[in-house]
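When reading the values below, keep in mind they use all heavy atoms of this one structure, side chains included, and skip hydrogens, waters and symmetry mates. Along the sequence shown, residues carry numbers from 1.
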Amino acid sequence: MNYKMMGKFLSQILMVEIVFMIPALLISIFDGEYPAVTGFVVTILITAVISLVLYVLCRNSKNRFFAREGFVCVGISWIAISFFGCLPFWISREIPHFVDALFEMASGYTTTGASILSNVEAMSRGLLYWRSFSHWLGGMGVLVFLLALAPNRESGSGFTMHLLRAESPGPNVGKLVPKMRTTARILYLIYILLTILDLMFLLLGGMSLFDAVCTAFGTAGTGGFGIKNDSMAGYSPYIQNVCTVFMFLFGINFSCFYLLLIKQVKAVWKDEELRLYCTIVFTGILLVIWNLKDYYATIGETIRHAAFQVVSVVTTTGFATTDFDLWPNFSKMLLLFLMFTGACAGSTAGGLKVGRVLLLFKNLRRNIRRLLNPRRVETVRVNGVRTAEEVLRNTNTYLVAYALIMVISILLVSVDELSISTDISAVVSCFNNIGPGLDMVGPTANYSVFSDFSKLVLIFDMLAGRLEIFPILILFSRSTWRRK
């Protein structure tokens, strides 16, 4: 295990976090919110000292980096940024309980959007900005950002590939161009451009600059932290429709946008994952509209709320324009099902991912045909390309781990003696990085009802869900830490 290189990389990650705290600090200074200023200043000093010590101790690291180091580095980095990122909330006493502050920050970075706050609007603007910005930074990935900007000094074995594969969402991570670092830069450039476009449309709708920036961060990262107590319900239909469109766009695999930029429109049209994603979204919207036909005053209002909530849940954003916990059971169950599917691999969304669901169904169909005709030779193909058996095995392994963690987590949080629908939807929502659930964690409620123990379980679920399970599980394996 190359501990020195991991320590050096962790020090760089912490420095990135410090740099991104500065705008939030400046907003707090401008507003005269001195408790928040104190929280940011103290956090920056503590983080800087630890980052400097790590860098000094690990500056002479050897450039050997393999898959094991990649998974461990990603897992530890996300735990570290969540820990240090929560300190401004705790030190400022705007979230006086440390576990609550950690829950809020882990929810931000993992783009979950689950909150323990009952009055969001009482929080200072600097901390609201930091809370929303964590969505944007966590959406594409903190390590991907560092790889995209850092000079190419690391020539070790698979350095960039191992980190990118461990952090990026999806069944597998491919290259848009020959160099993986250039791929990271292209992804972030597309991400930034889409965020700016979203921001412009929000401003055109009369949104204030601060509200538009925070909303764009939440939409781009498919995070869902609202800066209003009613989430998005108080904004105009135009603003809600803009968010619907951009949530949908950020749920698409970013490689599709790259293909469009290089004018390979046919390749995008033939993408099976994209077609399945569109089918799931539009079918879900039509079914909810049908189920809510007499629920709202006009058909236009019904379509707007149905489209917003379906897209918000599928893309695991978690914004809300209405209390869908009051909807008929069919619509609520449909939303619960959509929490599992998620959006496309290679997007900022959570969940199982449509690409993984596609592989599971194709593999199931192949195995059924093999039962009927054992001598039949059949391969699983996606977009006309044969899928490697290793990818299928990894997908099946992921599904088993996914189900086990889900069941164990539900059992653990049930010790709080809350309702079954609360426990199940809370775990499903946090593990799939969605945010609101049903019943006591619905869109008009929050997660403060859970005990500290249950919140720690849900923090684990959020991190495991965002990092595709294995980087977090590997940290708890003894074989990971054995000297080889």
Go through Tyr129 and Phe217 one step at a time and tell me if the ring-ring contact (aromatic ring centres under 6.0 Å, His included) criterion holds.
CA-CA 9 Å; Tyr129 172 89; Phe217 285 156; 5.7 Å; yes
Does the Asn432 side chain pair with the main chain of Gly350, one donor and one acceptor, at a distance under 3.5 Å?
no
Rounded to the nearest 0.5 Å, what separation is found between the CG atom of Leu338 and the CD atom of Gln309?
11.5 Å
Identify all side-chain donor-acceptor contacts of residues 189-204 below 3.5 Å with residues at least two apart in sequence or on another chain.
unit_1, atom_1, unit_2, atom_2, d
Tyr191, OH, Trp136, O, 2.7
Thr195, OG1, Trp136, NE1, 3.0
Thr195, OG1, Tyr191, O, 2.7

Which distance, rounded to the nearest 0.5 Å, do you find between the OG of Ser115 and the CG of Asn446?
6.5 Å
Please name all residues satisfying ring-ring contact (aromatic ring centres under 6.0 Å, His included) with Phe20, sequence neighbours left out, ordered by chain then number.
Phe133, Phe145
Would the distance check show the side chain of Arg304 and the main-chain N or O of Thr321 forming a donor-acceptor pair, the cut-off being under 3.5 Å?
no
What are the two closest heavy atoms between Phe225 and Ala114, and how far apart are they?
CE2-O, 3.6 Å
What heavy-atom pair brings Ser454 and Leu412 nearest, and what distance separates the two atoms?
OG-O, 4.4 Å
Can you list the residues that meet the side chain to side chain donor-acceptor pair (under 3.5 Å) rule with Thr47, with sequence neighbours excluded?
none
Surrounding CZ of Phe330 (heavy atoms of other residues, nucleotides or ligands, distance under 6.0 Å), is the total greater than 12?
yes
Non-neighbouring partners of Tyr296 that pass ring-ring contact (aromatic ring centres under 6.0 Å, His included), sequence neighbours left out
His305
Test item: Val427 and Leu458 side chains (from C-beta on) under 4.5 Å apart, heavy atoms:
yes
For residues 82-95, the side-chain hydrogen bond (donor to acceptor under 3.5 Å, both in side chains) pairs (sequence neighbours left out) are Glu94-Ser124
Would you say Leu360 and Asn396 make side-chain contact, with heavy atoms under 4.5 Å?
yes
Ignoring hydrogens and geometry, is there a side-chain-to-backbone donor-acceptor pair from Thr348 to Gly139 under 3.5 Å?
no
So which pairs with a foot in residues 455-464 pass side-chain hydrogen bond (donor to acceptor under 3.5 Å, both in side chains), sequence neighbours left out?
Asp100-Lys455, Ser409-Asp461
What do you reckon, is CZ of Phe337 surrounded by more than 12 foreign heavy atoms closer than 6.0 Å?
no
Side chain to side chain contact (heavy atoms under 4.5 Å, CB included), that's the test. Do Asp325 and Lys332 meet it? Break it down for me.
CA-CA 7 Å; Asp325 194 40; Lys332 289 195 290 186; 3.9 Å; yes
How long is the span from the CZ atom in Arg356 to the CG atom in Asn394, to the nearest 0.5 Å?
9.5 Å
Treating Ser414 as the side-chain partner and Leu411 as the backbone partner, does any N or O pair qualify as donor plus acceptor under 3.5 Å?
yes
Check Phe40 against Gly126 and note the closest heavy-atom contact, atom names and distance.
CZ-O, 3.9 Å
Please indicate whether Tyr238 has more than 12 foreign heavy atoms, meaning atoms of other residues, nucleotides or ligands, lying under 6.0 Å from its OH.
yes
Taking side chain to side chain donor-acceptor pair (under 3.5 Å) as the definition, give me every residue that meets it alongside Tyr109, ordered by chain and number, with sequence neighbours left out.
Glu17
Aromatic ring centroids of Phe257 and Phe250 under 6.0 Å?
no
Can you sort out the partners of Thr341 under side chain to side chain donor-acceptor pair (under 3.5 Å), two or more places apart, ordered by chain and number?
none
Nearest 0.5 Å please: distance from the CD1 atom of Ile95 over to the CG atom of Leu117.
4.5 Å
Start with the C-alpha distance between Lys270 and Asn383, add both sets of side-chain angles, then the distance that settles side chain to side chain contact (heavy atoms under 4.5 Å, CB included), and finish with yes or no.
CA-CA 7 Å; Lys270 292 180 180 179; Asn383 299 332; 5.7 Å; no
Run the numbers on Cys430 and Phe460 for side chain to side chain contact (heavy atoms under 4.5 Å, CB included), then give the verdict.
CA-CA 9 Å; Cys430 287; Phe460 172 87; over 6 Å; no
Taken in chain and number order and not counting sequence neighbours, the residues that satisfy side chain to side chain donor-acceptor pair (under 3.5 Å) with Tyr34 are none
Heavy-atom count around Ile420 CD1 within 6.0 Å, excluding the residue itself: above 12?
no
Side chain proximity check, Thr315 to Tyr277, heavy atoms < 4.5 angstrom
yes
Could you pull out the closest heavy-atom pair between Arg125 and Phe210, with the gap in Å?
O-CZ, 3.4 Å
Of all pairs that satisfy side-chain hydrogen bond (donor to acceptor under 3.5 Å, both in side chains), the ones with a partner from residues 204-221, not counting sequence neighbours:
Ser208-Asp211, Asp211-Tyr235
Give a yes or no on whether the backbone of Leu438 and the side-chain of Ser421 come within a donor-acceptor separation of less than 3.5 Å.
no
Side-chain donor-acceptor contact under 3.5 Å, Asn433 with Thr316:
no
Would you check if Thr222 and Met247 make a side-chain contact, meaning some heavy-atom pair closer than 4.5 Å?
no
Residues passing the side chain to side chain contact (heavy atoms under 4.5 Å, CB included) test with Leu326, sequence neighbours excluded, are Tyr295, Asp323
Does Tyr447 use its side chain to pair, donor to acceptor, with the backbone of Gly435 at less than 3.5 Å?
yes
Sub-4.5 Å side-chain heavy-atom contact between Cys278 and Leu274:
yes
Does Phe308 reach the side chain of Thr322, with side-chain heavy atoms less than 4.5 Å apart?
no
Has Ser347 got a side-chain atom pairing as donor or acceptor with Asn253's backbone, closer than 3.5 angstrom?
no
Got a sec, which pairs hit salt bridge (Lys or Arg N to Asp or Glu O under 4.0 Å) with one end in residues 102-122, sequence neighbours left out?
Glu104-Arg131
Can you find a heavy atom in the side chain of Ile299 that is under 4.5 Å from one in the side chain of Ile289?
yes
d(Asn363 CG, Leu392 CG) to nearest 0.5 Å is 5.0 Å
On a heavy-atom basis, the closest approach of Val441 and Ser425 is CG2-OG, 3.7 Å
Supply the atom-to-atom distance Ile13 CD1 to Ser77 OG, rounded to the nearest 0.5 angstrom.
5.0 Å
Hey, is Lys353 close enough to Glu273 for a salt bridge, meaning N to O under 4.0 Å?
no
Closer than 3.5 angstrom, by distance alone: can the side chain of Ser312 be matched with the main-chain N or O of Phe319 as a donor-acceptor pair?
yes
Scanning both residues in full, the closest heavy-atom pair of Phe450 with Ala426 reads CZ-CB, 3.6 Å
Are Ile186 and Leu261 close enough that some pair of their side-chain heavy atoms sits under 4.5 Å apart?
no
